[in-house]
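Have a look at this one.
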Amino acid sequence: MYQIFKDQLEKSKLIITGVKRNQRVGRDAGIEDNALQKMEDDCKRLEAMSAELDKMQEEYRKKSEQAHEVLDELKQHTKEVKRAIKTKYDQTWWTKFGIPDKR
């Protein structure tokens, strides 16, 4: 969970708890029960969305690692093919194989 989410959840939950403990004073300040309920609902939604984001980030991290592994394999295969062509053919032929190297 992002730190900003944690901090806001803590602040909001403390306020909700404090206002509930002092309902009469809270009502005198114009705080209605439905406002507190809305805050509680928002807290639950933020917690659920944060958990979903954490899951998505983990999936992204795994996919990113897999993509980098495939990239490394592709680089290695490309290097091997280039080496085979370069050792077999003169550099004037390299461009015919799609190798722009001069040396």
Side-chain angles (χ1 to χ4, degrees):
M1 179 181 293
Y2 291 120
Q3 189 63 41
I4 192 166
F5 293 168
K6 271 186 188 177
D7 292 346
Q8 188 59 51
L9 283 168
E10 283 180 28
K11 290 176 189 177
S12 297
K13 287 179 179 182
L14 281 172
I15 290 172
I16 291 167
T17 303
V19 171
K20 281 185 174 182
R21 264 191 265 134
N22 301 290
Q23 283 185 345
R24 186 176 56 84
V25 178
R27 284 193 189 111
D28 289 346
I31 301 169
E32 298 178 10
D33 290 339
N34 62 348
L36 287 180
Q37 185 60 48
K38 177 70 174 137
M39 284 180 69
E40 287 177 327
D41 293 345
D42 288 345
C43 285
K44 289 176 186 173
R45 284 180 44 218
L46 182 58
E47 287 173 329
M49 292 178 89
S50 180
E52 187 177 343
L53 280 172
D54 289 344
K55 182 179 175 184
M56 290 171 75
Q57 285 178 332
E58 181 62 24
E59 289 174 9
Y60 170 80
R61 186 189 61 76
K62 287 179 183 177
K63 286 287 186 188
S64 181
E65 286 176 0
Q66 290 172 350
H68 278 77
E69 288 172 5
V70 172
L71 175 64
D72 290 342
E73 288 176 17
L74 179 60
K75 283 181 177 180
Q76 185 61 36
H77 291 290
T78 302
K79 188 176 180 179
E80 291 169 3
V81 169
K82 280 175 70 172
R83 186 180 311 125
I85 291 169
K86 285 181 170 185
T87 57
K88 178 78 174 165
Y89 298 102
D90 184 66
Q91 75 182 36
T92 57
W93 283 78
W94 295 354
T95 56
K96 294 178 193 258
F97 290 101
I99 302 173
D101 298 351
K102 299 290 182 201
R103 293 187 141 211

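Fair warning: this is a prediction, and the values are worked out from it, not measured in the lab.
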message: Please tell me whether F97 and V81 are part of a single hydrophobic cluster in this structure, the criterion being side-chain heavy atoms less than 4.5 Å apart.
response: yes
- prompt: If you round to the nearest 0.5 Å, how far is CG of L9 from CG of L46?
  reply: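 Reported value, rounded in 0.5 Å steps: 4.5 Å.
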Any D42 side-chain heavy atom under 4.5 Å of R45 side chain: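 In contact.
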message: Would you say that H77 contacts E80 through its side chain, given a criterion of any heavy-atom pair below 4.5 Å between the two side chains?
response: yes
field: Rounded distance (nearest 0.5 Å) linking atom OG1 of T17 with atom CG of N22
entry: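 Answer for the OG1-CG pair, T17 versus N22, is 11.0 Å.
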NE2 on H68 to CD on E65, rounded to 0.5 Å: 9.5 Å
task: Under the side-chain hydrogen bond (donor to acceptor under 3.5 Å, both in side chains) rule, what do Q3 and D7 come out as? Steps first, then yes or no, please.
output: CA-CA 6 Å; Q3 189 63 41; D7 292 346; 2.9 Å; yes
Nearest atoms (heavy-atom pairs only) where T95 meets T92: OG1-O, 4.0 Å
message: In the structure I gave you, are the side-chain heavy atoms of D33 and R27 within less than 4.5 Å of one another anywhere?
response: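 Answer yes - side chains close enough.
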message: Check this for me: Y89, atom OH, are more than 12 non-hydrogen atoms of other residues, nucleotides or ligands nearer than 6.0 Å?
response: no
- prompt: Between Y2 and Q57, does any side-chain donor sit less than 3.5 Å from a side-chain acceptor?
  reply: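 Yes, because at least one side-chain N or O of Y2 sits under 3.5 Å from a partner of the opposite role on Q57.
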- prompt: Does atom CD of E59 have more than 12 heavy-atom neighbours, drawn from other residues, nucleotides or ligands, at distances under 6.0 Å?
  reply: yes
message: Is there a path of hydrophobic side-chain contacts, each under 4.5 Å between heavy atoms of I/L/V/M/F/W/Y residues, joining I85 to W93?
response: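 Yes, W93 and I85 fall within the same hydrophobic cluster.
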query: Are M1 and I4 connected in a single hydrophobic cluster, I mean Ile/Leu/Val/Met/Phe/Trp/Tyr linked by side-chain heavy atoms less than 4.5 Å apart?
result: yes
field: Spacing of CD belonging to E69 relative to CG belonging to D72, to within rounding of 0.5 Å
entry: 8.0 Å
query: Would you call K38 and D41 a salt bridge, using N to O less than 4.0 angstrom?
result: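 So K38 does not pair with D41 through a salt bridge.
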query: Judged by atom type as modelled, is there a donor-acceptor pair below 3.5 Å linking the side chain of S12 to the main-chain atoms of Q8?
result: yes
- request: Could you tell me whether E52 atom CD has more than 12 heavy atoms of other residues or ligands within 6.0 Å of it?
  value: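 For E52, atom CD is not crowded (no more than 12 foreign heavy atoms under 6.0 Å).
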- request: Identify whether F5 and M49 are in the same connected component of the hydrophobic contact network (ILVMFWY, side-chain heavy atoms under 4.5 Å).
  value: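 In one cluster: no.
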message: Once rounded to the nearest 0.5 Å, what's the spacing between atom CG of D54 and atom CE of M56?
response: 11.0 Å
query: Salt-bridged, E58 to R61, with N to O below 4.0 Å?
result: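 Yes.
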message: For the CE atom of M39 and the NZ atom of K13, what is their distance to the nearest 0.5 Å?
response: 11.5 Å
